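Structure first, commentary second.
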Amino acid sequence: MATGANHAVKAVPSYCYNCVSGPDLLTVKVVDGVATQILPNFAAAGIHPGDGRVCVRALGLIQKTYNPDRLRTPMKRTNPRKGRAEDPGFVPISWDEALDTIVSRLSEIRARGLRDEAGLPRVAASFGHGGTPQSYMGTFPAFLSAWGPVDYSFGSGQGVKCVHSEHLYGEFWHRGFTVAADTVLCRYIVSFGANVEVSAGVCAARRHADARIRGIKRVQIEPHLSVTAAASAEWVPIKPKADGAFMFAMLHVLLHEHPRERLDVAFLRDRTASPYLIGPNGYYLRDPRERKPLIWDSNQSSAVPFDRAGSVPSLEGKFSVADCLEIGPDGVIWRHEQAVGATAFTCLVEHMRAHSPEWAAPICDVSAATIRRVANEYLENACVGETIEIGGDLLPFRPVAVVLGKTVNNGWGGYDCCWSRTMLAALVGALEVPGGTLGTTTRLNKPLGNRLATVRPGEDGFMAANLNATDKEHWTAQPTGRNAHRTLVPLLGDSAWAQALGPTHLAWMFLKEVPPHWQRPSAPDVWFVFRSNPAISFWQSSRLVETMAEMPFVVAFAYTFDETNHMADILLPDATDLEATQLIRIGGTKFQEQFWEHHGVALRQPAVAPRGEARDFTWISTELARRCGLLESYNAAINHGTGCVPLTGSDYDFSLDTGRAHTVEEIWDAECKAATAQFSNGAEIKDLAWFKEHGFYTVPFKREDWYLYPTMVENNLRFELPYQERLSRAGRELGNRLHEHDIHWWDDQLEEYAPLPLWDDVPARWERALRKMGGDPADYPLWLITTKSMQYSAGNNAGIPLMNEVGRNMRGHGGVIINVETANRLGIRQGDAVEVRSVTGCTRGHAVLVQGIRPDTVVIIGQFDHWKTPYAKDLHFPSLNTVAPISLDLTDSTGSGSDLVRVSVRTSVQS
Amino acid sequence: MTAILDGAPRLQRNWDSRAACNFIGGGAGTGLLLASAAALPAGSNYFPSALLAVALIGFGLSMVWLEIGRPFRALNVFFHPQTSWMTREALLSVPLFALAGIAILADQRLVPLPFQARVPVAGLASAAAAVGLAFMFCQARMLRASRGVPAWREPALQAVIIATGIAEGLGLLLVVSLFVAPPPAWVAPAAIAALVARAIAWEYYRQRLQTWAPAAAVAALHRISLPLQLVGHLLPAALLGAAIIAPVSQLPTAVAGLAVFATGAWLKLTVVTRAGFTQGFTIPFVPSRGRNPAETTRWPPQITQPGR
Amino acid sequence: MTRYVMVADLRRCIGCQTCTAACKQANATPPGVQWRRVLDLEVGEYPAVRRVFVPTGCQHCSDPPCEWVCPTTATRRRPDGIVQILYNLCIGCAACAVACPYEARYKVEKREYAFGHEPTADEALRADDAVIGVATKCTFCADTIDAGVARGLTPGEHPEATPACVNLCISGALAFGDIDDSESRVSKLLRENKHFRMHEEQGTNPGFYYLWDRDPS
Ligand SMILES: Nc1nc2c(c(=O)[nH]1)N[C@H]1C(S)=C(S)[C@@H](COP(=O)(O)OP(=O)(O)OC[C@H]3O[C@@H](n4cnc5c(=O)[nH]c(N)nc54)[C@H](O)[C@@H]3O)O[C@H]1N2
Ligand SMILES: Nc1nc2c(c(=O)[nH]1)N[C@H]1C(S)=C(S)[C@@H](COP(=O)(O)OP(=O)(O)OC[C@H]3O[C@@H](n4cnc5c(=O)[nH]c(N)nc54)[C@H](O)[C@@H]3O)O[C@H]1N2
Ligand code: SF4
Ligand code: SF4
Ligand code: SF4
Ligand code: SF4
Ligand code: SF4
Ligand SMILES: [Mo]
């Protein structure tokens with residue numbers, strides 16, 4: 001193209017939300033109606049923490065739009081048999097035929113009943129990658145809510161092999177669905193595998209770079225030299241899954257090797273349950289009348305309820321208490337005439353006594369000196385006692401944080417790591433305060449949009465927590481979903497997101513084989529899939545594919561063919577990123593490091609016309625609602641706020657006429673007006689046309705609202721730390737319920753409900769599971785782990801050539817990373833074709849010999865090993881998922897598992 | 001900070017075997033022109049060897065013409081004599097072909113009658129040889145100017161290029177003589193001398209590279225050294241020596257000459273297509289990423305009050 | 001006088017390749033041609049290992065060997081320091097490519113497309129035969145700079161006049177500007193930080209500086 005004049009050039013503002021670390025703002029350069037470049041939206045400089053920039057993956061959206069392998073018409077399956085080897089025989093059909101086929105199935109279900117005999121929803125839906133598809137499915141959630149009960153149990157690995165336990169424990173302790181360091185102010189970060197320079201998005205990349213220039217120290221503790229370890233002041237090569245021991249030792253140093261006043265005694269005394277007295281049976285000692293936990297008032301030297309005005313609780317000590325009781329599981333009450341109660345803090349000190357750096361060193365294969373130094377540097381930098389002025393308020397200033405990565409914060413060991421990290425913050429008062437450890441959003445507690453508003457006073461001086469009931473009367477003996485999240489995982493609660501965060505691999509497993517005394521769930525009559533590829537993303541992908549083949553009717557919203565929609569009955573091409581309209585919330589505090597000093601909304605709009613017959617997801621949702629006769633409740637759901645914001649407010653009403661079908665423009669025009677009315681408190685009303693030109697609308701968001709601490713102080717609440725009385729009681733009750741139903745296959749998981757977490761020797765647990773699967777640990781000497789790639793959003797853009805071309809500049813891309821000495825010992829040379837074998841599978845790739853990895857560990861980046869996704873299937877890249885077993889033994893009490901496999905590695909020619 | 005491991009050097013792929021042919025044809029051809037001119041006074045027949053020489057040079061240049069991206073703009077190659085050895089090489093090729101061409105035609109009395117007597121064949125041949133030598137020198141400097149390829153920019157390579165050019169020229173003369181007429185007596189000893197010079201130049205060149213060039217480049221040259229010294233130097237020197245002491249027939253000297261030319265071609269092909277490794281990337285310092293805690297504590301982000 | 005230079009802060013760079021992709025999209029370079037390329041270097045031995053991400057590409061040397069060897073004068077250094085290639089003069093001999101100590105030059109013989117034989121819509125729109133068979137390299141986005149300067153903007157300060165790779169860099173590692181202007185951001189960065197240049201011993205006087213630590217002096 002000559003770069004001369006006479007070319008129609010447009011700059012179309014939009015957003016990218018292709019990974020959980022978004023959304024970020026961008027501009028599409030369109031020349032003569034063709035998208036040619038993705039550029040920043042510099043109008044957001046100073047508002048978006050990354051100044052309106054996007055990462056390399058957003059640049060791949062041009063090739064995604066013009067990918068010749070895109071499906072351009074609805075298609076239907078002609079071969080009824082399903083399986084990897086079965087050609088689906090997809091043939092193009094019209095939208096009318098496709099929608100009518102789906103609607104006839106749905107109407108049949110509506111006639112028979114929305115739930116099957118066991119009460120399980122007949123319709124299931126799966127969306128992948130940490131909820132990001134919601135920013136690309138327009139008003140489809142409104143259709144689902146109009147439909148009624150939907151089973152979100154079938155997962156893709158997001159959730160259970162994703163950042164899982166951190167979600168549950170983080171929200172329970174400090175409303176932190178994801179947990180990050182307050183990087184802008186932090187000075188010392190101990191990171192156990194949090195790969196922020198790759199996984200925490202554009203905001204993190206900018207903030208951590210700025211932090212490095214001003215002198216932050218980040219110690220990256222992980223088995224291989226990841227991109228984040230490279231960009232850290234220090235890399236500590238720890239043995240996989242030994243992080244709990246390292247953190248226990250840090251707690252030991254803080255508690256046993258420093259004078260008590262070096263810690264934030266005031267915080268511990270007033271903002272945590274450290275002073276609560278623990279009775280002989282391991283529950284709080286409570287006063288008989290109000291049953292409030294007792295503390296020892298040092299002023300009057302007597303046991304008083306924790307909230308007694310004027311009392312000064314003792315942080316430490318054992319005290320003899322008269323006339324008190326303990327509340328055990330299932331209403332058991334232990335009355336005490338006289339009982340000796342130790343403060344929770346004293347129990348903590350005792351609990352940590354044995355876990356010295358010397359104890360942890362051999363477990364972590366890290367010297368005791370290093371562990372001790374890191375603990376001391378952490379304490380040194382905590383600035384206990386200092387304050388800082390934020391937006392007119394004086395807040396504690398604690399510029400230290402401990403952050404965890406996937407594989408550390410999920411699966412076995414997730415409980416003790418999440419607890420230790422949160423306790424390390426509490427000991428120096430660095431929890432939810434400037435510079436310290438922040439929860440960034442909520443998904444299990446309502447309202448989703450505002451973390452601080454989810455804090456309501458509950459019992460015992462803590463926040464109210466909506467755990468799933470475990471008492472005899474309210475326990476959901478009959479699972480409401482196929483992964484039985486309410487039945488098995490009290491901590492999850494039952495918000496809209498809870499089910500998708502349940503043990504989604506159990507849903508797949510139970511379809512095939514059911515453990516004793518458990519009813520085999522029926523396969524859903526209709527299963528919707530969008531932006532998720534479980535056949536590639538989950539464990540033991542080959543076995544999962546066989547299970548998926550038994551789904552009777554699968555509707556896949558499809559961009560290209562992929563391994564999951566290989567099993568579909570209907571394919572619907574949705575207009576993708578640069579072709580459709582949607583308004584989403586931005587700013588405030590969201591996943592990873594998306595905490596801004598502004599909040600509002602951003603628009604995605606058609607920069608180019610949709611290709612072929614791809615249709616805007618909002619059009620598809622409206623058509624489905626109309627044809628199902630659910631228009632009334634669909635529009636009502638949109639009016640209620642399922643689209644983006646409620647369409648009516650105190651002094652505005654942009655609600656839709658629920659009686660008729662509305663166009664995509666009408667719906668999003670109403671959302672734009674309502675959103676701007678809401679955020680400007682009625683001062684400004686901007687319509688869709690305005691957003692098409694400006695792209696986003698924001699108003700200031702108070703910086704102090706990043707921190708939960710002020711809200712806790714306002715409500716005079718304490719963080720439910722260190723002692724987990726409520727959780728251990730729920731665990732005992734859950735055990736009783738399961739045993740009453742003769743269910744014993746969850747007993748290992750029940751043991752995890754200790755009030756103070758025990759060191760969980762995960763490597764030994766893995767070896768036991770390996771033997772049970774018929775393998776000998778000696779045959780599989782190496783640990784295989786995985787890590788994200790900056791150029792890939794899970795498998796979402798595996799079919800984009802640009803990502804592979806630039807990704808190849810990074811070592812290990814598409815290969816098996818192995819230590820140079822280990823490779824020499826195994827006769828493997830740089831670039832050799834190698835086989836990575838576990839007890840359940842084998843995956844192949846080329847060897848990448850590096851120094852920056854533990855000799856006992858190998859790494860496979862990302863999730864590939866595709867066999868159907870165009871372009872990706874011809875890369876022949878390996879994947880941990882192909883060799884990772886899907887197993888109950890490797891599932892922890894929150895229902896998640898780590899990406900960790902014992903493997904052997906040899907050159908293909910040797911085997 | 002100690003020297004840091006570099007980003008791996010890579011085999012350059014811009015100049016391939018066709019570029020090598022330019023050095024092979026150009027070097028041998030100009031060497032042959034030199035030998036032919038030198039042999040002229042001794043009465044050896046100029047036409048056949050000079051024609052072969054011109055053909056070789058022409059072959060080399062046409063291969064380059066095939067390799068460049070825009071062959072129909074080839075004339076642009078003349079535009080930068082101030083610094084470009086490729087321009088100088090191209091410019092020299094004009095008088096080279098002219099002089100050699102006329103000398104050949106005159107030698108064969110193919111020039112128009114009136115000029116036949118007055119065309120000084122020997123003079124033209126010497127001029128052509130001189131321009132040829134300059135042409136060969138340009139080729140050596142082209143390699144030396146390739147600053148991106150350590151094995152080429154090493155100055156000691158120039159001596160190798162010149163030595164092998166001359167040796168190959170004498171060698172080819174011996175080959176041509178087999179079919180034409182016995183060469184002057186001095187050609188064999190001269191060839192031996194040229195071989196010795198090439199052998200020395202080659203070893204010196206490799207020894208110079210040993211300390212700093214990419215290991216892969218040094219290895220590529222090392223792999224051909226033994227066969228080069230045996231087949232390219234020892235064998236032909238022995239054959240030539242024997243021929244000097246006890247001339248039997250011209251075959252051994254021709255074989256020796258062919259061996260010299262062939263190993264010369266192989267040498268240049270290896271240098272261009274096997275030893276052409278870039279020098280890769282090095283960073284003399286590893287960047288600091290943040291600081292040790294002691295330094296950060298002194299730093300005040302904002303006003304902080306000591307103790308509440 | 002003006003001399004535009006690039007500064008890459010190795011303390012900031014995380015090897016995300018956003019600049020690599022941004023350059024490809026700004027200049028519609030074919031598959032495999034990366035005028036900006038970020039290396040992933042490992043240094044040292046386990047466990048004392050460091051890993052560094054190093055943006056590379058044309059250094060726009062003030063004494064460029066690629067210009068000396070170029071037989072057609074297609075390679076020319078502009079008064080503002082930018083080393084450009086006049087595609088209509090270039091014969092594609094690649095002498096410049098083997099003369100460049102920074103592996104900065106590319107040459108493609110025929111049109112190639114990302115997905116194989118068929119061009120995507122943007123590839124078809126931007127296909128330009130002028131760059132087939134000739135040498136190409138980073139141009140410091142000369143067109144963007146010239147257009148920006150013509151509108152009174154300052155390259156390196158105003159995005160509309162600044163190279164794409166600098167605009168897109170998410171960590172703030174890349175900076176661009178006039179080293180002869182003591183007030184420019186690049187001059188300030190070079191004053192305040194220790195820096196080095198790649199293969200400085202080659203004497204080409206490269207216009208590409210790497211920052212590696214604060215300079216307390
Ligand atoms: N080995 C390994 N496995 C992992 C991980 C890992 O790090 N290593 N990470 C795990 C984690 S944390 C997560 S959250 C999961 C995520 O894994 P998934 O939930 O499976 O999410 P994605 O891989 O993003 O799935 C993307 C799918 O959506 C399709 N798609 C992309 N764009 C569009 C579009 O515009 N329209 C439509 N209709 N479809 C589209 C793609 O073709 C692809 O098949 O993976 C988990 N699995
Ligand atoms: N570029 C990109 N960013 C993403 C995503 C993506 O797909 N691409 N996905 C998003 C999603 S869904 C998620 S859940 C997050 C995940 O965010 P992260 O958790 O940061 O993701 P990973 O890179 O998998 O981090 C795992 C790191 O932990 C280390 N590790 C593995 N096992 C162990 C262990 O046993 N001990 C210790 N100490 N370290 C260990 C590995 O070296 C690896 O570097 O990323 C989000 N951001
Ligand atoms: S970080 Fe994630 S959301 Fe942001 S631009 Fe990159 S892929 Fe898109
Ligand atoms: S880096 Fe290479 S191409 Fe660029 S000016 Fe210097 S020598 Fe020429
Ligand atoms: S390829 Fe073009 S720019 Fe390079 S040296 Fe040859 S003529 Fe000059
Ligand atoms: S300055 Fe321009 S041409 Fe050069 S690497 Fe950056 S984007 Fe590419
Ligand atoms: S965009 Fe910036 S941080 Fe990313 S690789 Fe390029 S220079 Fe480094
Ligand atoms: Mo995830």
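Since the structure is predicted, the reported quantities are computational estimates derived from the model, not experimental observations. Residue numbers begin at 1 in each chain, while the letters A, B, ... track the order of the sequences. Both backbone and side-chain heavy atoms feed into the values below; hydrogens, waters and symmetry mates do not.
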Which atoms of [X] are under 4.5 Å from chain B, going by heavy atoms: the side chain, the backbone, both sets, or neither?
X: Tyr87(C); answer: backbone
X: Leu89(C); answer: both
X: Val54(C); answer: side chain
X: Cys93(C); answer: both
X: Arg11(C); answer: both
X: Arg51(C); answer: backbone

Assess the side chains of [X] and [Y]: does a donor N or O sit below 3.5 Å from an acceptor N or O?
X: Thr75(C); Y: Glu67(C); answer: no
X: Arg73(B); Y: Thr72(C); answer: no
X: Ser288(B); Y: Asp213(C); answer: yes
X: Ser225(B); Y: Arg206(B); answer: yes
X: Asn22(B); Y: Glu89(B); answer: yes
X: Asp122(C); Y: Thr120(C); answer: yes

Portion of Arg153(B) that has a non-hydrogen atom of chain C nearer than 4.5 angstrom: side chain
Proximal component of Phe72(B), with respect to chain C [non-hydrogen, under 4.5 Å]: neither
Arg37(C) vs Glu103(C) side-chain heavy atoms within contact, under 4.5 Å: yes
Heavy-atom pairs under 4.5 Å with chain C - which of [options] has more of them than the others?
options: Val149(B), Val64(B), Asn76(B); result: Asn76(B)
options: Pro81(B), Ala74(B), Gly69(B); result: Gly69(B)
options: Val77(B), Thr87(B), Leu75(B); result: Val77(B)
options: Met142(B), Arg88(B), Met86(B), Gln82(B); result: Met86(B)

Are [X] and [Y], when compared by the centres of their aromatic rings, separated by less than 6.0 Å?
X: Phe176(C); Y: Phe140(C); answer: yes
X: His195(C); Y: Tyr210(C); answer: no
X: His60(C); Y: Tyr4(C); answer: no

May I ask you to name which of [options] has the most heavy-atom pairs under 4.5 Å with chain B?
options: Ile132(C), Val108(C), Asp40(C), Asn88(C); result: Asn88(C)
options: Ala99(C), Ala104(C), Gly92(C); result: Ala99(C)
options: Ala135(C), Gly133(C), Cys66(C); result: Gly133(C)
options: Ile91(C), Asp9(C), Leu10(C); result: Ile91(C)
options: Cys13(C), Ala94(C), Ala74(C); result: Ala94(C)
options: His199(C), Lys194(C), Lys107(C); result: His199(C)

salt_bridge(Arg198(B), Glu203(B)) N-O dist < 4.0 Å: no
